[in-house]
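Quick note on labels: first sequence line is chain A, next is B, and so on, each numbered from 1. Being a predicted model, the structure only gives us computed values, none of them experimental. Computation of the quantities below employed the complete heavy-atom set of this structure, encompassing side-chain atoms and omitting hydrogens, waters and symmetry-equivalent molecules.
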Number of protein chains: 2
Amino acid sequence: MDIKTKLISAAESLFDRHGFTATGMDRLTQAAGMSSRTLYKHAGSKHSLIASVLTERDRRFLRRTDVNSVNELFKALEDWVRVEGCRGCLFLRAYGETGGDVPEIAEVMAAHKAGVWSKIQEIIALETNGRGDEQLAEQILILFEGATATAIYRGADAVITARHCAVRLVKQASS
Amino acid sequence: MDIKTKLISAAESLFDRHGFTATGMDRLTQAAGMSSRTLYKHAGSKHSLIASVLTERDRRFLRRTDVNSVNELFKALEDWVRVEGCRGCLFLRAYGETGGDVPEIAEVMAAHKAGVWSKIQEIIALETNGRGDEQLAEQILILFEGATATAIYRGADAVITARHCAVRLVKQASS
DNA sequence: TCCAATGTAAAACGATCATTTTACATAGTC
DNA sequence: GACTATGTAAAATGATCGTTTTACATTGGA
């Protein structure tokens, strides 16, 4: 495995499991199996490493949610939660831990959310033949965020409930 | 103002604005206007201070959401978000930043979520005359969490959208 | 074969971390 | 008027923070 891939992968696990600020560079180098010199050559800084982790996660997330219906969208989320764990949205967590004060991080978060938003808009337009409006799309977005957050303490079943709800809303808008 | 109240109030602001781990005790003592000795006499430890902040916030939150309909519930949330700011659920943030590894904090989070959950169940039972089931209550919970999360990057309007959606779901279940 | 690149290991950097301690001031109470 | 409680100010604690540096090994192409 490529050395930068290994670094970002190890960092993502630790950040997700223990939090961004609480994860020190020592633990990072140890988990990634490299010296701190190599880490800094590839990552630049901790903030930049966090941004890289999020950028990579965004790519993976979009790939995994490349679907054409709300039903599939929430099934993809359920799958994500079961495979990757449910500790909440890592983008919002990074944003919160840094107070929104680190531009690199705030921008990746915003870009990710913009991506999710336009994916949902695209699906709604597709499924309702243009009958669904912006309001419906935002309701689906809220259910999506809500499922992610609720899954933290109620498990993946929350995503199933969210899916049923979302599918019903779209069906009502289409008829 | 009572000295412990002042401490907890100052701590809540800093934790919410900058994150828990990123907020040092120096900044805490300075903001609370007291020596570190006094702080530790009252708070015990940082973890314990975080738990106290959350416990106090839970009390305030429950007081502000002591309503009898989903419409009022989401109006209360909208008000909360407009007054207190929308940086996400502080309980989930604390839980995430500590990796769920600090029992004091994990327990307050769980207690808070249990409180919200039973409040929603209570309202649903009231509004649907017992026709609403557990599934509906969980949908409302997900909308509630979703509104809180979405408000971080889309503002308080997300809560209005969530309210409209929630009210409609309850109305459909009642008829 | 020499050079540049890329890696490791480990020490050093000054800053900051959470927490404790030492020394002292100001109250209210018996 | 001594005692206890409660506060401040400030230094000290040892650990850990993110980051840089020094010294050295390996390797692949010119």
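Across all strands shown, B:H47 has no heavy atoms under 4.0 Å from either base or sugar-phosphate atoms. Nucleic acid contact for A:S45: sugar-phosphate only, since backbone atoms but no base atoms lie under 4.0 Å from a heavy atom of the residue. Residue A:T23 is in sugar-phosphate contact alone, with no base atom involved, counting any heavy-atom pair closer than 4.0 Å across all strands shown. At the heavy-atom level, B:G44 lies nowhere under 4.0 Å from the strands shown.
Counting heavy atoms from C-beta outward, B:L90 and B:L54 have side chains that approach closer than 4.5 Å.
Note: OH (B:Y40) to P (D:dT8) measures 15 Å, nearest angstrom. Taking atom NZ of residue B:K41 and atom P of nucleotide C:dT21, one finds them 14 Å apart after rounding to whole Å. The distance between atom CZ of B:R37 and atom P of C:dC24, rounded to the nearest whole Å, is 13 Å. B:D26 places its CG atom 11 Å from the C1' atom of C:dA15, with the value rounded to the nearest Å. The interatomic distance linking B:F15 (CZ) with C:dA18 (P) rounds to 9 Å, in whole Å. Atom CE in B:M25 sits roughly 17 Å away from atom P in C:dT16 (whole-Å rounding). The separation between A:H18 atom NE2 and D:dC17 atom P is 12 Å, rounded to whole Å. Atom P of nucleotide C:dG7 and atom CG of A:D2 are separated by 9 Å, given to the nearest angstrom.
Between B:S35 and D:dG7 there is no side-chain polar atom (N or O) within less than 4.0 angstrom of OP1 or OP2.
A parallel orientation is assigned to the rings of A:F91 and A:H112, their planes being inclined by less than 30° (bins at 30° and 60°).
At most 12 heavy atoms of other shown residues, nucleotides or ligands fall within 6.0 angstrom of atom CD in A:Q30. A:Q135 CD: more than 12 foreign heavy atoms inside a 6.0 Å radius.
Taking CG of A:L49 as the start and CD1 of A:I8 as the end, the distance is 7.0 Å to the nearest 0.5 Å.
Side-chain proximity of A:S36 to C:dT8, D:dT20, D:dT8: nearest is D:dT20.
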